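By convention in this document, chain letters (A, B, ...) are assigned in the order of the sequence lines, proteins followed by strands, and residues within each chain are numbered from 1. What you see is a predicted model; the values in this text were computed from it and never measured.
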There are 2 protein chains.
Amino acid sequence: MSAEETRHRLLETALELIWQSNYNSVGVNEICKQAGVTKGGFYHHFESKAHLFCAASEHYWDNIKRELDTVLSPVNTPLEQLENLILFIFRNKFNAESACVRGSPFFSAGLQTGCEEPMINDSLQKMSQNGVKYNLALVRSLMAGGYLEGEVEAERVARLLSQYVQGLAGFARVNGCPCLETSRKDIAEAFYRLTGLKREYWFATPPTWGTCKA
Amino acid sequence: MSAEETRHRLLETALELIWQSNYNSVGVNEICKQAGVTKGGFYHHFESKAHLFCAASEHYWDNIKRELDTVLSPVNTPLEQLENLILFIFRNKFNAESACVRGSPFFSAGLQTGCEEPMINDSLQKMSQNGVKYNLALVRSLMAGGYLEGEVEAERVARLLSQYVQGLAGFARVNGCPCLETSRKDIAEAFYRLTGLKREYWFATPPTWGTCKA
DNA sequence: GATCATACATACCGGTTGGTATGCTGGTCA
DNA sequence: TGACCAGCATACCAACCGGTATGTATGATC
């Protein structure tokens with residue numbers, strides 16, 4: 001196993017484990033064991049657990065960003081962008097194969113709060129604000145296209161969307177995820193309502209990005 | 001200090017501490033120290049940390065329920081109920097004096113997830129579903145009063161509200177809470193949008209329950 | 001072939017965790 | 001007056017935590 005691969009596996013494993021629970025309850029030992037790396041290896045690549053977390057969150061965002069840029073690509077119409085984003089969030093929050101809730105460790109970053117490390121809080125904040133930016137872009141293009149009704153304050157609506165997305169995973173995790181179709185409808189309807197999308201466009205646009213497995 | 005008072009102080013302290021962070025990162029020692037109770041006292045009253053948590057969540061819900069029954073009292077009009085609930089959530093999520101985010105440990109229960117104890121997950125689920133029930137009652141009375149536009153599926157909307165509330169604290173915690181007035185407007189607008197409240201009623205109803213300090 | 005840095009592996013550390021065993025103390029009751 | 005018991009207080013435990021000190025295998029460089 002090469003050095004780069006070791007590092008990569010630590011990042012991915014940390015994501016996967018924190019994904020399933022949270023920062024505080026995932027130990028370095030567990031990450032190492034799961035990744036097949038010894039503690040010496042861990043601390044060779046990362047200064048501390050907090051540093052790993054920050055590196056992992058950046059690594060995660062790199063992937064997300066690439067997908068989001070596709071989802072919200074200008075080649076798509078605003079309505080398609082909206083539908084694609086809904087689909088994207090749905091797919092990132094729920095694991096269709098195992099019908100369990102993954103919960104997106106950083107996008108819904110608040111789940112991790114409560115740790116004192118300022119470095120981590122900064123990292124989470126950056127991640128969250130990145131999400132708001134993409135929502136803002138979407139809302140603005142919907143506005144420009146005349147798809148929204150009433151007067152819309154774009155920044156506020158973008159924030160509302162982020163707040164909602166933030167809560168999605170937590171709610172689903174606590175209450176279980178009995179019906180994936182329901183979850184997807186929930187997300188869609190929340191986005192329609194929160195953006196103020198005109199009724200005539202509700203559930204009117206087939207998604208163009210990727211395929212929905214559920 | 002009487003036995004009942006000791007127990008009560010443990011419950012309250014546990015709430016306060018978990019409030020500020022989460023279940024995993026709050027230790028029994030810290031709870032005891034903060035409550036002025038020794039470990040022997042703790043384990044005299046509670047079988048385990050998990051048992052304390054469950055008892056605390058029930059204790060918390062007892063208080064919340066009493067407030068919610070006032071907030072959503074039938075003597076208030078549906079619009080007043082809506083505004084009161086918004087105010088209630090605002091006051092429970094944000095601490096006006098210290099301008100910090102409290103985050104309501106059980107109402108937005110998902111913040112705590114990631115611990116393996118099934119007993120705790122059950123407790124959180126119960127708490128979350130209680131919240132949905134109250135949202136459902138509100139939506140139904142808004143429906144009956146003709147305050148909503150379009151066709152509304154009450155259960156879904158109630159769930160959307162809970163999902164949103166769930167995310168509020170997490171988002172605010174991560175991103176800070178620079179302006180309380182903004183936060184309150186966010187909550188209000190999200191509730192108006194998610195319920196589908198007719199535009200003519202937006203920000204039209206002065207709250208009747210308690211007073212807003214912010 | 002000697003040198004040397006990278007990339008780990010192993011063993012260990014002090015501190016903290018949830019939990020327990022036991023001792024003590026003041027009030028209740030026969 | 002002595003037995004009894006709830007209601008703690010104190011001391012302690014094994015397990016685990018994040019982190020470190022040190023040893024070693026391996027490939028590149030001169």
Side-chain angles (χ1 to χ4, degrees), chain A residues 1-18 20-57 59 105 112-121 123-124, chain B residues 1-18 20-57 59 105 112-121 123-124:
Chain A
M1 188 160 48
S2 75
E4 193 50 47
E5 191 187 339
T6 300
R7 186 186 152 85
H8 188 256
R9 284 185 62 172
L10 281 170
L11 290 174
E12 292 282 328
T13 307
L15 280 178
E16 191 63 33
L17 290 180
I18 295 176
Q20 288 165 19
S21 52
N22 68 70
Y23 178 79
N24 288 310
S25 60
V26 173
V28 174
N29 289 316
E30 199 182 341
I31 295 175
C32 290
K33 191 179 169 188
Q34 203 69 241
V37 176
T38 57
K39 224 154 179 191
F42 181 101
Y43 282 98
H44 172 74
H45 286 285
F46 300 100
E47 204 173 317
S48 70
K49 183 187 169 188
H51 281 83
L52 165 71
F53 181 87
C54 291
S57 75
H59 172 70
Q112 317 295 333
T113 49
C115 70
E116 273 63 41
E117 316 246 17
M119 184 197 295
I120 290 183
N121 291 329
S123 177
L124 291 173
Chain B
M1 188 158 50
S2 74
E4 192 49 46
E5 191 186 339
T6 301
R7 185 186 152 87
H8 187 257
R9 284 186 63 173
L10 282 170
L11 290 175
E12 292 281 328
T13 307
L15 280 179
E16 192 61 35
L17 291 180
I18 295 177
Q20 288 163 19
S21 51
N22 67 69
Y23 177 79
N24 290 309
S25 59
V26 173
V28 173
N29 289 317
E30 200 182 342
I31 296 174
C32 290
K33 193 179 170 188
Q34 203 72 241
V37 176
T38 57
K39 221 143 175 204
F42 181 101
Y43 281 98
H44 173 73
H45 285 285
F46 300 101
E47 206 173 315
S48 71
K49 184 188 170 188
H51 282 82
L52 166 71
F53 182 88
C54 291
S57 74
H59 173 69
Q112 316 293 332
T113 48
C115 68
E116 273 62 42
E117 316 245 16
M119 185 195 295
I120 289 183
N121 291 330
S123 178
L124 291 173

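- Separating the CD1 atom in A:Ile18 from the CG atom in A:Asn24 is a distance of 9.5 Å, to the nearest 0.5 Å.
- Both A:Ala50 and B:Arg7 sit near DNA chain D, but only B:Arg7 has its closest nucleotide nearer the 5' end.
- With sequence neighbours excluded, the residues forming a side chain to side chain contact (heavy atoms under 4.5 Å, CB included) with A:Tyr43 are A:Val28, A:Lys39, listed by chain and number.
- Residues passing the side chain to side chain contact (heavy atoms under 4.5 Å, CB included) test with B:His8 are B:Glu12, B:His59, sequence neighbours excluded.
- By the side chain to side chain contact (heavy atoms under 4.5 Å, CB included) test, B:Glu30 pairs with B:Leu17, sequence neighbours left out.
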Could you run down the sub-3.5 Å N/O contacts of the protein with nucleotides 22-26 of chain D?
none

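- The distance between atom CZ of A:Phe42 and atom P of D:dT20, rounded to the nearest whole Å, is 11 Å.
- For B:Tyr43, no side-chain nitrogen or oxygen approaches OP1 or OP2 of C:dT20 to under 4.0 Å.
- For A:His45, counting side-chain heavy atoms from C-beta on, the closest listed nucleotide (C:dG18, C:dC8, D:dG18) is C:dC8.
- Distances shown here put a side-chain N or O of B:His44 below 4.0 Å from the OP1 or OP2 atom of D:dG7.
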Do any N or O atoms of the protein come closer than 3.5 Å to N or O atoms of nucleotides 11-17 of chain C, and which pairs are they?
none

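- Note: B:Ile120 CD1 to B:Ser57 OG = 9.0 Å, rounded to the nearest 0.5 Å.
- To the nearest angstrom, C1' of C:dG19 lies 19 Å from CZ of B:Phe53.
- The side chain of A:Thr6 places an N or O atom within less than 4.0 Å of a non-bridging phosphate oxygen (OP1 or OP2) of C:dC8.
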Mind listing the side-chain donor-acceptor pairs of residues 46-55 of chain B below 3.5 Å, one per line with the distance, residues two or more places apart or on another chain?
residue, atom, partner, partner atom, Å
B:Ser48, OG, B:Ala50, N, 3.3
B:Ser48, OG, B:His51, N, 3.2
B:Ser48, OG, B:His51, ND1, 2.8
B:Lys49, NZ, B:Tyr23, O, 3.0
B:Lys49, NZ, B:Val26, O, 2.9

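- C:dA9 atom C1' lies 17 Å from atom NZ of A:Lys33, rounded to whole Å.
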Could you list the protein-to-nucleotides 24-26 of chain C atom pairs, N/O on both sides, closer than 3.5 Å?
none

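- Residue A:Ser2 holds its OG atom at 10.5 Å from CZ of A:Arg9, rounded to the nearest 0.5 Å.
- If you take CG of B:Leu10 and P of C:dG18, they are 14 Å apart, rounded to a whole angstrom.
- Atoms CD (A:Glu117) and C1' (D:dG19) sit 12 Å apart, rounded to a whole Å.
- Here the C1' atom of nucleotide D:dG18 and the NE2 atom of A:His51 are 14 Å apart, to the nearest Å.
- The CD1-C1' distance, from B:Ile120 to C:dG18, rounds to 12 Å in whole Å.
- Summarising the geometry, atom CG belonging to A:Leu10 is positioned 11.0 Å from atom CD belonging to A:Glu5; distances are rounded to the nearest 0.5 Å.
- Between the CD atom of A:Glu5 and the C1' atom of C:dC8 there is a distance of 14 Å, rounded to whole Å.
- For the residue pair A:Thr38 and A:Cys32, the shortest heavy atom distance occurs at O-SG, 4.0 Å.
- For the side-chain hydrogen bond (donor to acceptor under 3.5 Å, both in side chains) test, no residue two or more places apart in sequence or in another chain qualifies with B:His45.
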